[in-house]
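The structure appears below as structure tokens.
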There are 2 protein chains.
Amino acid sequence: MSERASSENVPGSDQGSWQPIARSRSHELVVDQIEEQILAGTLRVGDRLPGERDLASHLQVSRAAVREAIRSLEAQGVVRSAVGSGKDSGTLVSAMPSEALTRLLRLHVALANFPMDDVVDARVMLERSSATLAAHNAAPANLDAMREALNGMDSPGVDQETFNDLDTAFHVAIAEASGNRLVADMTIALRDSMRRPILQALHALGPDWEGVADQLRADHRAIYAAIESGQGETAAELVDQHIRSARAALPIAGTAGAVHSPTPTHSRRPRS
Amino acid sequence: MSERASSENVPGSDQGSWQPIARSRSHELVVDQIEEQILAGTLRVGDRLPGERDLASHLQVSRAAVREAIRSLEAQGVVRSAVGSGKDSGTLVSAMPSEALTRLLRLHVALANFPMDDVVDARVMLERSSATLAAHNAAPANLDAMREALNGMDSPGVDQETFNDLDTAFHVAIAEASGNRLVADMTIALRDSMRRPILQALHALGPDWEGVADQLRADHRAIYAAIESGQGETAAELVDQHIRSARAALPIAGTAGAVHSPTPTHSRRPRS
DNA sequence: ACCTCTGTGTGGTCTGACCATAGAGAGGAC
DNA sequence: GTCCTCTCTATGGTCAGACCACACAGAGGT
């Protein structure tokens with residue numbers, strides 16, 4: 001970590017100030033227009049966009065350009081399309097931030113843009129706070145969800161995949177109990193981004209995985225007890241230890257693989 | 001917080017278990033195939049995808065479907081396309097998680113899927129940790145970036161927009177000094193998602209904004225001093241107070257405005 | 001050795017067509 | 001009147017084929 005801002009010492013503007021210059025692709029212009037309306041508040045959740053053909057003719061671009069723009073927004077969980085006629089059809093402004101965030105982080109973790117240890121540290125930061133808040137705010141329904149996950153993990157003969165999904169459900173339940181949707185969604189996304197590496201690690205453990213599972217079960221029970229009894233600080237501490245020890249216990253690959261070649265910030269030579 | 005899981009008391013399966021069933025659109029199948037290769041590690045940063053025409057014929061879909069898939073991945077900062085020939089042309093696996101994360105959060109904050117207070121709380125969680133780490137890990141370059149931002153903010157006659165951008169730069173510099181790219185990127189994204197509301201608030205303050213700015217300058221200097229002298233805990237505490245008091249001082253709209261579902265009473269007035 | 005021009009492969013864009021779906025509304029049966 | 005059924009229509013989904021703009025590679029000239 002460092003070697004950043006090596007050749008750009010222009011005062012008064014940090015390294016992030018260099019706008020990526022031009023934006024000419026037509027679908028991006030369409031995206032910009034739609035984004036602008038969202039940012040300005042003109043378009044709100046539930047509103048319908050004009051039909052693709054209408055939009056295309058109004059914006060003076062092809063329908064393909066409009067569709068590509070919609071795909072882009074769709075990938076960000078901002079709109080959703082449905083065929084047919086009637087109120088729920090067409091392309092309308094939606095809100096699926098959790099799914100979008102999850103897809104995004106999963107891919108970037110897989111690409112090792114985000115090393116596994118960074119993910120673990122981020123989880124600790126967020127989940128410590130979530131646990132503290134959960135200890136104060138948890139509604140009965142939240143506690144039920146946690147308990148349900150715990151009980152599921154105790155089922156005899158549970159396989160690695162189910163166990164991990166329930167483990168995730170437990171952590172998600174804590175995040176949702178915090179009352180902060182953003183933090184909950186980020187937690188979900190981070191946890192999910194580790195799913196594949198975790199499963200690989202669990203399988204790599206072979207029969208020993210039951211031992212690890214037992215440790216996790218004990219951790220979870222202790223965390224649950226702290227939250228249920230309103231001991232925020234204790235819960236935070238336990239979550240912290242739990243996440244770190246779990247990471248240590250699992251032979252997770254991920255971060256390996258020599259992440260070389262970090263994009264040399266090519267400066268564009270205009271012409272000669 | 002509550003009223004969740006109101007009608008879903010089906011035991012043995014939590015509320016998130018109902019998968020959205022089908023996935024038939026062809027561009028999504030293309031995305032799935034590419035994603036699969038990324039998750040499996042077959043495709044890595046810097047690798048080139050086959051040309052759009054090749055991919056289309058191999059996958060037995062139209063070129064339009066391939067392009068829409070690429071747009072989707074591009075929106076997630078996973079690939080990047082360039083025309084021309086030569087090594088850097090074509091569509092290749094890239095890594096721009098920060099930009100993608102920023103766009104995503106900005107839109108969802110604007111849509112009020114994430115209330116402003118949630119964003120503030122999340123920032124506090126992350127930046128507390130970042131400040132602590134920065135106090136221990138900050139490289140000279142990081143400290144330079146912070147100082148540069150601080151000095152810029154002291155420039156006489158600086159306008160609200162520039163001031164805010166430098167303010168952002170300061171916080172970003174702290175996040176990057178933490179050594180955790182993921183946390184840094186999330187911090188950048190969160191800060192940026194508040195840009196527009198903050199600017200509106202600063203303008204709404206009128207001439208009084210200078211007073212607020214002075215307070216922010218003082219906060220920043222104190223934070224910088226703590227980080228430079230390695231006092232992690234102090235830095236964390238100062239950052240916490242700084243963010244919360246700034247939020248209190250700014251009449252930020254955002255979360256207000258009676259967000260909720262505006263009723264589908266959309267009276268469709270057909271023409272004629 | 002250097003410059004210039006052309007070839008070729010890449011994404012970018014557009015046109016226009018057809019398909020699949022699902023609600024709306026007309027029309028008939030009771 | 002009430003209900004069912006059929007057709008109409010608007011919507012996104014998909015495709016084929018064409019052409020453009022760009023940028024490097026390499027041939028060919030100087």
Side-chain angles (χ1 to χ4, degrees), chain A residues 20-34 46-75 78-94 266-272, chain B residues 20-34 46-75 78-94 264-272:
Chain A
I21 0 178
R23 282 267 272 246
S24 51
R25 293 137 93 204
S26 67
H27 76 265
E28 289 187 335
L29 301 177
V30 178
V31 169
D32 286 345
Q33 292 229 10
I34 298 175
D47 289 350
R48 279 180 63 171
L49 267 59
E52 295 177 353
R53 296 167 180 84
D54 281 358
L55 213 43
S57 69
H58 280 83
L59 300 179
Q60 294 274 290
V61 296
S62 71
R63 194 179 158 208
V66 170
R67 283 182 62 78
E68 291 185 15
I70 290 174
R71 286 293 88 75
S72 183
L73 292 168
E74 197 176 60
V78 169
V79 303
R80 155 216 134 195
S81 296
V83 295
S85 63
K87 52 177 180 283
D88 259 24
S89 70
T91 300
L92 39 91
V93 180
S94 186
H266 231 67
S267 61
R268 297 179 58 78
R269 257 356 174 139
R271 67 184 35 210
S272 52
Chain B
I21 24 177
R23 280 268 273 247
S24 51
R25 292 136 93 204
S26 67
H27 75 265
E28 288 187 335
L29 301 177
V30 178
V31 169
D32 286 345
Q33 292 229 10
I34 298 174
D47 289 350
R48 276 180 65 169
L49 266 59
E52 296 177 353
R53 296 167 179 82
D54 281 357
L55 213 42
S57 69
H58 280 80
L59 300 179
Q60 293 275 290
V61 296
S62 70
R63 193 179 160 208
V66 171
R67 282 182 63 78
E68 290 185 16
I70 290 173
R71 287 293 89 73
S72 184
L73 292 168
E74 196 176 60
V78 169
V79 304
R80 144 210 146 204
S81 296
V83 295
S85 62
K87 54 177 186 288
D88 259 25
S89 70
T91 300
L92 38 90
V93 180
S94 185
T265 344
H266 211 72
S267 57
R268 284 182 59 71
R269 216 58 131 123
R271 66 246 15 233
S272 100

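Every chain is numbered from 1 and lettered A, B, ... according to where its sequence line falls, protein lines coming before strand lines. Not measured: the values here are computed from a predicted model. All heavy atoms count here, side chains included; hydrogens, waters and symmetry mates do not.
Computed from coordinates, the A:Asp88 CG to C:dA24 P distance equals 11 Å when rounded to whole Å. Nucleotide D:dA16 holds its P atom 13 Å from the CG atom of B:Leu59, rounded to whole Å. Between A:Gln60 atom CD and C:dC14 atom P the separation is 10 Å, expressed in whole Å. If you measure from atom NE2 of B:His27 to atom C1' of D:dG12, you get 11 Å, rounded to the nearest angstrom. In this structure, B:Arg48 atom CZ and D:dA23 atom P are separated by 15 Å, rounded to whole Å. Taking atom CZ of B:Arg25 as the reference point, atom C1' of C:dA20 lies 14 Å away to the nearest angstrom. When rounded to the nearest whole Å, the span between CD of A:Glu52 and P of C:dC14 equals 15 Å. Straight-line distance from the CD1 atom of A:Ile70 to the C1' atom of D:dT14: 15 Å, rounded to whole Å.
Residue B:Ser62 has a polar side-chain atom (N or O) positioned under 4.0 Å from OP1 or OP2 of D:dC15. At D:dT14, none of the side-chain N or O atoms of B:Ser24 fall inside 4.0 Å of OP1 or OP2 (strictly under the cut-off). At the phosphate of D:dT11, neither OP1 nor OP2 sits under 4.0 Å from any side-chain N or O atom of A:Ser81. A:Ser89 has no side-chain polar atom (N or O) that falls below the 4.0 Å cut-off from OP1 or OP2 of C:dT21. B:Arg67 has a side-chain polar atom (N or O) that falls below the 4.0 Å cut-off from OP1 or OP2 of C:dG12.
Counting heavy atoms from C-beta on, the side chains of A:Val61 and A:Leu29 never come closer than 4.5 Å. Side-chain contact between A:Gln33 and A:His58: absent, with no pair of heavy atoms (C-beta onward) separated by less than 4.5 Å.
Of the residues listed (B:Glu74, B:Glu68, B:Glu28), the one engaging A:Arg71 in a salt bridge (charged side-chain N to carboxylate O under 4.0 Å, His left out) is B:Glu68, and it is the only one. When each of B:Ile34, B:Leu92, B:Val66 is tested with B:Leu49 by the rule side chain to side chain contact (heavy atoms under 4.5 Å, CB included), just one qualifies, namely B:Ile34.
Across all strands, A:Arg71 comes closer than 4.0 Å only to sugar-phosphate atoms, never to a base (heavy-atom distances).
Position along DNA chain C of the nearest nucleotide to A:Val61 versus B:Leu49 favours B:Leu49 as the more 5'-ward residue. The nearest heavy atom of DNA chain C to A:Ala64 and to B:Pro50 marks one nucleotide each, and the one closer to the 5' end goes with B:Pro50.
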*Test B:Arg67 against B:Leu55 for side-chain contact (heavy atoms from CB on, under 4.5 Å), laying out the working first.*
CA-CA 10 Å; B:Arg67 282 182 63 78; B:Leu55 213 42; over 6 Å; no
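Within 3.5 Å, no donor on the side chain of A:Arg80 pairs with an acceptor on the base of D:dG12, nor the reverse. Scanning atom types as modelled, one donor and one acceptor separated by under 3.5 angstrom connect the side chain of A:Arg53 and the base of D:dG12.
Looking at the side chain of A:Ser85, the nearest of the listed nucleotides C:dG12, D:dA10, D:dG13 is D:dA10.
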